[in-house]
Amino acid sequence: DLKFKPGEDARFHWDNYEALKKVDLKGETLTIFGPWRGEDEALVRSVLDYFTEATGVTLKYSSSENYEQQIVIDTQAGSPPNVAILPQPGLIQDLASKGLLTPLGDDVAAFVKDNYGAGQSWVDLGTYAGKDGAKAFYAFPYKADLKSLVWYSPDNFDEAGYEVPTTWEDMMKLSDKIVADGGTPWCIGLGSGGATGWPGTDWVEDIMLRTQAPDVYDKWTKNEIPFNDPAVVNALQIFADIATNDKYVDGGHAAVAATDFRDSPKGLFTVPPKCYMHRQASFISSFFPEGTKLGTDADFFYLPPMASKPDLGKPVLGAGTFAMITKDSKAAREFIKFLEMPLAHEIWMAQSGLLTPLKTVNQDAYANEQLKKQGEILTSATTFRFDGSDLMPGKIGAGAFWTGMVDLVGGKPAKDVATDIQKSWDAIK
Amino acid sequence: MASQIFSAVLVIVIGVGGCVAYFWGANKLLDLVFPAHGVSGGAAVDNLRRQGLIRPWLFIGPAMLILIVYLIYPVIDTLWLSFHDRGGQNFIGLANYEWAFGDREFRNSILNNVLWLAVVPAACTFLGLIIAVLTDRIWWGTIAKSLIFLPLAISFVGASVIWKFIYEYKGEGQTQIGILNAIVTGLGGDPHVWISIPFWNNFFLMVILIWIQTGFAMVILSSALRGIPEETIEAAVIDGANPFQIFWKIMVPQIWGTIAVVWTTITILVLKVFDIVLTMTNGQWNSQVLANLMFDWMFRGGGDFGRGATIAIIIMIAVIPIMVWNIRQANKETGGH
Amino acid sequence: MAGSSGKSVVGRFGVHLAVLFFVALWTVPTLGILVSSLRDKDQIIASGWWTALTSSTRTEAGRLGTAADQVEKDGRFQIAGNLFEEGESRKITAFGTRSQEPTRYKAGEVADLGDGETLQVNEDGSYVYASPKAFEGERGRRVYYSASSPPKFTTQNYRTVLFSEGIGRSFLNSLTVTIPATVIPILIAAFAAYALAWMRFPGRALLIAVIIGLLVVPLQMSLIPLLKLYNGVGTFFGVPSKTYLGIWLAHTGFGLPFAIYLLRSYIAGLPREIMESARIDGASDFEIFVKIVLPLSFPVLASFAIFQFLWVWNDLLVAMVFLGTEADQIVLTAKLNALLGSRGGDWEILTTSAFVTIIVPLIVFFSLQRYFVRGLLAGSVKGG
Amino acid sequence: MADLTLRQVKKSYGNVHVLHGIDLDIRSGEFIVFVGPSGCGKSTLLRTIAGLEEITSGELKIDGQVVNDVPPSKRGIAMVFQSYALYPHMTVYDNMAFGMKIAREDKAEIDRRVKQAAEILQLTKYLDRLPRAMSGGQRQRVAIGRAIVRNPKVFLFDEPLSNLDAALRVATRIEIAKLKESMPETTMIYVTHDQVEAMTLADRIVVLKDGHVEQVGTPMDLYKKPGNLFVAQFIGSPAMNVLPATIERPGSPTAARLAAETVAHVPIATPASAKGETVSFGVRPEDLFVTEDPDNTLFRGQVDYIEQLGEVQLVYIDIGHGGQPLTAKLPGSAEVRRGETIRLAAHPADLHIFDQDGRSFLHKEPAAEAA
Amino acid sequence: MADLTLRQVKKSYGNVHVLHGIDLDIRSGEFIVFVGPSGCGKSTLLRTIAGLEEITSGELKIDGQVVNDVPPSKRGIAMVFQSYALYPHMTVYDNMAFGMKIAREDKAEIDRRVKQAAEILQLTKYLDRLPRAMSGGQRQRVAIGRAIVRNPKVFLFDEPLSNLDAALRVATRIEIAKLKESMPETTMIYVTHDQVEAMTLADRIVVLKDGHVEQVGTPMDLYKKPGNLFVAQFIGSPAMNVLPATIERPGSPTAARLAAETVAHVPIATPASAKGETVSFGVRPEDLFVTEDPDNTLFRGQVDYIEQLGEVQLVYIDIGHGGQPLTAKLPGSAEVRRGETIRLAAHPADLHIFDQDGRSFLHKEPAAEAA
Ligand SMILES: Nc1ncnc2c1ncn2[C@@H]1O[C@H](COP(=O)(O)OP(=O)(O)OP(=O)(O)O)[C@@H](O)[C@H]1O
Ligand SMILES: Nc1ncnc2c1ncn2[C@@H]1O[C@H](COP(=O)(O)OP(=O)(O)OP(=O)(O)O)[C@@H](O)[C@H]1O
Ligand SMILES: [Mg+2]
Ligand SMILES: [Mg+2]
């Protein structure tokens, strides 16, 4: 049962489907392991359906709550899926360094370079050192997420007469104004069960991109500058100034670490509003209260750059998932080829939030204006950087950094936090 | 559906039947090879002696085989890993152990674990015992027991959701949706982010495990309590002991062995359990414990098997005193036979 | 003890009270998710579950009709409609047009919004929005109102979970995993426990020590070596490496140390004379075990069965590692897990699945509970 | 200091009715012994009195106060259990001291009393042992010691001596008798199977059968004037010989025909209406003696089996009454041999007759006769 | 069909030495009774024979074959445990049938044998009950039934009748005796505290004390010619009276001075060397009789206490020997009253004397004398 009947909707590249039909994978089995569950799983399956339908392959998709752990177990134990799709470059790097991934080949890398917006940076993101130390292209980017977004309720802004800020400085002025009006500007929630703290890392990364040049950012994620470098401490401090200001954040700073990130945007929609702005990636809209209409009840603006640093342009923080071959087979290769096709992106785009840097896709395929707008932010970005914590080693990016964020909003001085994280980083070198 | 049910039943029957068949068959075989019935007296005696030598191994054979494959072999593998680096390729000697004892988080985990070990087994056993005794005496005891038992049947994910809603914090002045804060504010206090208060948050996490595991202690102790000869209790009643004295001086000492079993089991569980810490705090706010630390090193971001294995080995070493104590106990019990 | 002591009314009353206290303490959290599972996901985080039963007054936002809905009447432009969906039995007490003053006007009042605009919102949610000028814009105006809403429960969450595709099959798969994975370790452990308690052979004490030591082995640690082994065996014999047999044995292995430990301590406590008597009656160890020890160990076998059943039933990790995720092998926990969104946080699904999965273990508990019989050994021997 | 009254006390376990309405008055300071066949309800009755079993219906009073709902510990009793019921985890000393410790008595006093009881019961050597390392008899002695140590108003003993050896049994029996004497106010209720114990210890014996009281009386009463056939056969060992007879001439003495050629003259009054009635004729084995005089002969038969007990011998004689042999207890020195035919006689005063319902004619009230 | 030989059989529990080297020969088909004070090791010895306890040292042979290491089930024994050891989860029927079912005997045969045993033990009504719903005596009968049902070479009974009532005890005792008669080849070993049981059942009695064999002999032997003071006092109930005496004139008969004015002439030979020796003088209570004849008087004293048992009475007489009263078993009809002074005599043949070590002069070998 295909979601969109082939040939019927002009937005889709149906020629891709025809081409795919020539590939015969009958009798072959392809196992795919991905991070998507629930509604997302239904979406990804709707894309995969075209691949199976056309090629006749037997495809098994699975996911798990502990997919991170699961993929480590499966690859280490020698029973990996054919294709793994993962959102963490750090984890991919580790798998690659253990020799558990198969290089995709130079032609695939060339394809990405040529056809993706900011192609080289995507190629760089997919290139890792293998077991032998040689660099190769392992991870094919599929599906991107935009992080530098601030969500708000247009009604609330209208009522209070607030304008969407276009510079960081304006945004802070707006915050002060809201406070003066008796409101609370921000909702921040770092809670995420075992991953508590990560939303804070996004804040810091966004601030890094707005206060430092991209190469400083890159050095930071590689620890080529120490975590307690003044540049980083400064970014931490800027975030801390917002998050630990009881007037700025809903519930006071104590609530920041305790509030679940999934619950935190809901303050935008209460009556009276608990807050006016919420910085979070594009996915967050699925946690808005039921019936919230994007564009009407909720909207977003690009987290503005600093007017004081005009040379940094409009940096964008993003994330994405990468497909890689964990067990080589003809079907796996064909699947990667499938992902190169615009159709593989358009099917999902047409239903909901898939952003893609693939330039060949029909932008009209985006399901709504909101997504299109996000797509524009992505394309109009002068700098695109991948989520830094995902680039750091797991122990840091998914450990010390998180804990550091919790400590930071708990009132620990930015410098101490940075030093502690650096210590952890030293420990794993 | 019918055919699915049929195949499921078939699979189950084969699985269980195979196991029964082994024991029955092996025993039969032993009787056939060394017959004890229907042969002359002397031969029968010899055969019996041979059977006596072999039969224990028939009985524990499958258990040993499975233990070796599923636990001992992985333990050895882990031990081997603990002397290697993160990918498990290069031998690095005791470096991982050196690292562990120098690591701040590790030391913090040890301290927290000691706290957990001191509180949780005692609390579970004590509460389980009390509840087992009390529920034995009332007509709705079974219902009460099932309700106490209920948490055990809830998956860890479910349990963490439950407790999230108990410890939930909303800023001062807002409606509290966490019942603990609702009570505290209802009584005029200030709401707190319970799981982020260093040191004390350990206790808030322990409460969860206690909540879950008391049902376990209760079930086992309740089955032990039922083995106490009624007449000894009657004798104590006549001796004028009140219910408390009967409980402490007559019942508890008679099920001491079981109490030790429950205590040991929960102690070991405490050493192993990481889900609660993982889902509630992931070791933040100084609430890290060894098991979660191990999990962390093992799987997070690709993992460092060497260090993960090292922590696992250290956890296992921590159990040695419990082992020794239990063996003493076991030898005391079986001393007579 | 039941009928004999504690006959004093006060004592009895105290016991009931104490049990009630414990039960309440233990049930409150569970009750919390039960109630939560019956609410919709916005309610769950908006108010405490304990308030779910009381009718609450909430301040909400609604949107008036857009310009497209307007009609011109007596020179005034009007948008009329209802804030509530049909069939909603709520009552508006007050309304407002600014979120900072959401209850400025009483229901039924005609609010003057300046520029000649008026808005009237009635108790039943019907409104009339009028202006001398024509309305423009695509977005309807926001109004705020405070409405009392009766307690609202939904079975939607249960429908989502129970009618999700393949749930019946995965239920069967779970049973296929769980039943043998409960029975096999009981059998194997009971035999081993008997041998360790009552048979004489060299190395017995050492074995007991090893088993206690193995209690502590963390499950996660053994997964990779085992999976390697399975893959090896699988490739060698050309069979799939993810089979039911594999997971049974895995669960058996993980449950075995506790099973042996628990059963051994119980079996060692059975009266010696009974065993001796059977021995004299000519029973072999096998017969003693089957005919005497097993029946007398029912309470402990039942306890262990309950726990093992629970562990296996609620297990996700082992099932994900050792079983496939296709319809013919996916277990209930994995299935429910898949219903959760990628970023978790679907509290309503979590709470509902918690209740769906709890049912089978509870049935097991209730049916095994009756084996915890008092005085199983009564009348067998006399003396201390 | 404690008298007990039982009124229509009944006890059932589900459908099994064990006690069918027991009426009993026990005076303060009395020594009462319950006897009866195994399973007749002795232990149950004792447990009922102790308060360990709830009474299904009826009333139990101690010192005039209804105690149906009073917990055991408040009834002022001590009990020795038939199955000992020792605390397996306590040493002998602690087992005995437990009750006093509970009562928070003085340490020195506890020690004194425990040691004293241990002395009496020859347990001094074992005070530190656990019950499981003791022999059956030793365990039983501990159980007795535990009761002795306390100073209750009512003592309940359930077959306390059944596992003791003869010498110790006699010694303990005498100790119990002395204990009783030293505590004249204490009521004692004692279950036993041992005739000697029952006879020597009891002020009054209660004979139970199938949950009914058959007869209550002093040992001599029961022995000499059994109220019915059951009591007659139950009291005395070996049991009384009972044979069918026909009343030939009622009145006093009654002439009863035992066999074609034997008529016994029993100095018991029978009503005229009894003439021709078939009755049960009883004579105790120990009342029989060998005679050569054919006129005096009550029974004549062949010796079937002899049990030589030293001082006496039990001689079983086949008198042709359908298998059931006659038992005679003759002096150990009497020269009888298996297979020999002997004649036996008894003094008329030692003869008993019972009507068809098994009631003794001696006890028949005139009213009953009129009816 | 089975004879047993025990050679220096020793048994210790850790430091506690229970059996100190038992030597015993039991012939096939014999009925042996073990008696001895509580805790002397009877049960232990029985369990050793059954194979339930490992022998610490020594040798146990059945039918000439050393069975030290043979498991119980291969020794061809059946045992009734002192503590019953019933299978609590099986009905009475299944308890009894268990052994035969294990031996895979024919169903009908099992049924027949079980029903027959139940009949003998009056358990037919209870065949469907579980042990927990039975009285103490009933449980014990089930335990006996379980042994009877099987057909072993050697029967071991550990106090099988101690919880039965008098009537049932006599009946069961006779049943056991008959059982023995019907299985002349079966060896039976029986532990009891009951003198009557020991005397009536035993071919030979083994008297144990503190893990030693004191004497082995036929009941009459032990009663009439106790090898030593212990046996003398242990066999017979009430126990033999023992008083100090001085040998005034050794030889045969021996003149022993009991008190200033009494000399007893005992028809037992004593060596000349014994003159002046202080010995123990014994006379059984049942051998004493009341006399008026001062010349014939052995003892004279005041009646201290009387136990009336019906047929006989036990009279305790204070003869001024430091507290320990003399016991006399007099006919129930003898007219004695408490406080009265009476004279007692005995036939010379019923008198016993023992040397300072407690050994009977009767059994002294000439060799011992020479030494
Ligand atoms: N497990 C044990 N450990 C130490 N001593 C023991 C143990 N079992 C028995 N005894 C001791 O061994 C001695 C003999 O015990 P046994 O049971 O054989 O006595 P018995 O002659 O049968 O006595 P009774 O007539 O009272 O049953 C006793 O003194 C007892 O205390
Ligand atoms: N729990 C029970 N359920 C059913 N019947 C029972 C129960 N307990 C005892 N009985 C029955 O009640 C009757 C009386 O038992 P009780 O123990 O009072 O007898 P007893 O006179 O003490 O016998 P014994 O002399 O053998 O100890 C017996 O027939 C017994 O089978
Ligand atoms: Mg009884
Ligand atoms: Mg014994």
Side-chain angles (χ1 to χ4, degrees), chain C residues 1-4 190 194-195 197-202 204-205 263 266-303 368 370-384, chain E residues 43 46-47 49-54 71-92 94-105 126 129-136 138-140 142-143 146-147 149-152 154-156 158-159 162-163:
Chain C
M1 184 158 174
S4 49
Y194 173 75
W198 290 99
M199 291 169 102
R200 252 177 284 215
F201 57 91
R204 189 172 71 163
L263 299 192
Y266 185 92
I267 289 174
L270 294 176
R272 176 168 61 147
E273 283 97 334
I274 297 180
M275 243 64 82
E276 291 176 338
S277 175
R279 202 164 294 260
I280 288 183
D281 269 348
S284 68
D285 276 307
F286 184 76
E287 284 158 329
I288 294 177
F289 175 77
V290 171
K291 301 211 163 113
I292 311 283
V293 173
L294 271 193
L296 291 182
S297 307
F298 258 135
V300 74
L301 294 179
S303 318
L368 290 181
R370 65 202 173 89
Y371 289 109
F372 299 162
V373 228
R374 167 168 296 289
L376 207 55
L377 297 171
S380 57
V381 295
K382 65 176 183 176
Chain E
S43 297
L46 212 61
R47 291 169 54 79
I49 294 173
L52 296 172
E53 301 284 351
E54 252 175 289
S73 57
K74 287 291 148 205
R75 296 191 185 191
I77 47 165
M79 177 159 173
V80 177
F81 286 79
Q82 191 168 6
S83 61
Y84 321 150
L86 301 183
Y87 309 128
H89 57 297
M90 295 185 192
T91 60
V92 169
D94 290 333
N95 258 287
M96 297 213 267
F98 185 74
M100 292 183 74
K101 280 190 187 158
I102 289 292
R104 286 185 225 303
E105 307 225 14
Y126 305 103
R129 287 244 189 120
L130 288 176
R132 88 173 78 116
M134 311 260 288
S135 77
Q138 289 163 342
R139 289 178 198 171
Q140 198 163 41
V142 178
R146 206 164 52 173
V149 165
R150 305 178 63 226
N151 247 340
V154 183
F155 255 121
L156 306 175
D158 198 353
E159 306 197 23
S162 61
N163 276 313

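Chain letters run A, B, ... following the sequence lines, proteins first, then strands; residues in each count from 1.
- Taking CZ of C/R272 as the reference point, atom CZ of E/F81 lies at 9.5 Å (rounded to 0.5 Å).
- With E/H89 contributing its side chain and C/K291 its backbone, the two residues share a donor-acceptor pair below 3.5 Å.
- The main-chain N or O of E/L52 is never found under 3.5 Å from a side-chain atom of C/R279 such that the two would form a donor-acceptor pair.
- The part of E/M90 that comes within reach of chain C is its side chain, from C-beta onward, which places non-hydrogen atoms under 4.5 angstrom from that chain.
- Nearest heavy-atom pair, E/A85 versus C/S277, reported as atom, atom and distance to 0.1 Å: O-OG, 3.6 Å.
- Counting heavy atoms from C-beta outward, E/L86 and C/I274 have side chains that stay 4.5 Å or more apart.
- Neither the backbone nor the side chain of E/M134 comes within contact range of chain C; no heavy atoms are under 4.5 Å apart.
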* Apply side-chain contact (heavy atoms from CB on, under 4.5 Å) to E/Y87 and C/L296, showing your working. => CA-CA 9 Å; E/Y87 309 128; C/L296 291 182; over 6 Å; no

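- For the salt bridge (Lys or Arg N to Asp or Glu O under 4.0 Å) test, residues two or more places apart in sequence or in another chain that qualify with E/K101 are E/D94.
- Closest approach of E/R150 to C/G282, counting heavy atoms only: NH2-N, 4.3 Å.
- Residues C/I280 and E/A78 approach most closely at CG2-CA, 4.0 Å, considering heavy atoms.
- E/R129 pairs by the salt bridge (Lys or Arg N to Asp or Glu O under 4.0 Å) definition with nothing, not counting sequence neighbours.
- Looking at E/R47, the atoms closer than 4.5 Å to chain C (heavy atoms on both sides) all sit in the side chain, from C-beta outward.
- The CE atom of E/M79 lies 12.0 Å from the CG atom of C/D281; values are rounded to the nearest 0.5 Å.
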